[in-house]
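Here the structure is laid out as structure tokens; the discussion comes afterwards.
Treat the numbers as computed from the prediction; the structure is a model and nothing was measured.
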Amino acid sequence: GTDLMKILIQNYSSHYTTEPFYLVESFKRVGVDAYLWADANTSTFDIFDTVQPDVFIGHFAYLTETPSILLSTRTRG
């Protein structure tokens with residue numbers, strides 16, 4: 001089977017931008033497995049463990065080291 005690229009997009013939307021929603025829908029329309037991390041109560045570890053993304057898109061103001069650690073330690077089978 002073909003593995004689709006998985007992209008996890010953090011919901012950094014605000015009154016000024018809906019970019020995360022636009023990105024998720026755009027990626028889905030071209031066949032990319034895209035997910036919106038919409039629940040701020042879901043921990044970084046839990047969302048990364050569930051989605052297992054190849055790429056993470058987030059806003060720098062909301063990031064910690066955790067996403068980069070989780071992405072760098074992930075291995076593909």
Side-chain angles (χ1 to χ4, degrees):
T2 304
D3 287 338
L4 294 177
M5 176 184 286
K6 290 183 183 178
I7 298 179
L8 175 61
I9 301 172
Q10 185 180 36
N11 184 8
Y12 55 88
S13 62
S14 68
H15 295 297
Y16 306 105
T17 184
T18 57
E19 184 177 78
F21 303 112
Y22 173 79
L23 288 172
V24 168
E25 289 305 314
S26 296
F27 284 126
K28 285 182 177 181
R29 289 181 186 208
V30 296
V32 174
D33 221 356
Y35 300 86
L36 183 67
W37 179 6
D39 186 355
N41 294 317
T42 303
S43 74
T44 304
F45 179 81
D46 287 341
I47 194 71
F48 273 71
D49 189 47
T50 301
V51 176
Q52 297 186 355
D54 299 299
V55 176
F56 173 69
I57 298 172
H59 192 281
F60 76 93
Y62 304 106
L63 294 180
T64 64
E65 282 185 10
T66 307
S68 62
I69 292 168
L70 292 171
L71 283 173
S72 66
T73 59
R74 184 169 168 235
T75 58
R76 305 265 304 165

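The minimum heavy-atom distance between M5 and V55, with the atom names listed, is SD-CG2, 4.0 Å. Scanning both residues, Q52 and D49, for their nearest heavy atoms gives CG-O, 3.4 Å. Residues L4 and D54 approach most closely at O-OD2, 4.0 Å, considering heavy atoms. The shortest heavy-atom contact between P20 and Q10 is CB-O, 3.6 Å.
Atom OG1 of T50 sits about 11.0 Å away from atom CH2 of W37, to the nearest 0.5 Å.
F56 and F48 have tilted rings, their planes meeting at an angle from 30° to 60° on a 0 to 90° scale.
Other residues, nucleotides and ligands contribute at most 12 non-hydrogen atoms within 6.0 Å of the OH atom of Y22.
When each of D39, L36, V24 is paired with N11, the side chain to side chain contact (heavy atoms under 4.5 Å, CB included) condition holds for L36 and for no other.
Contacts of E25 classified as side chain to side chain donor-acceptor pair (under 3.5 Å), with partners at least two apart in sequence or in another chain: none.
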**Message:** I'd like to know whether F27 forms a side chain to side chain contact (heavy atoms under 4.5 Å, CB included) with I57, so could you lay out the CA-CA distance, the side-chain angles of the two residues, the decisive distance to 0.1 Å, and finally the verdict.
**Reply:** CA-CA 12 Å; F27 284 126; I57 298 172; 3.9 Å; yes

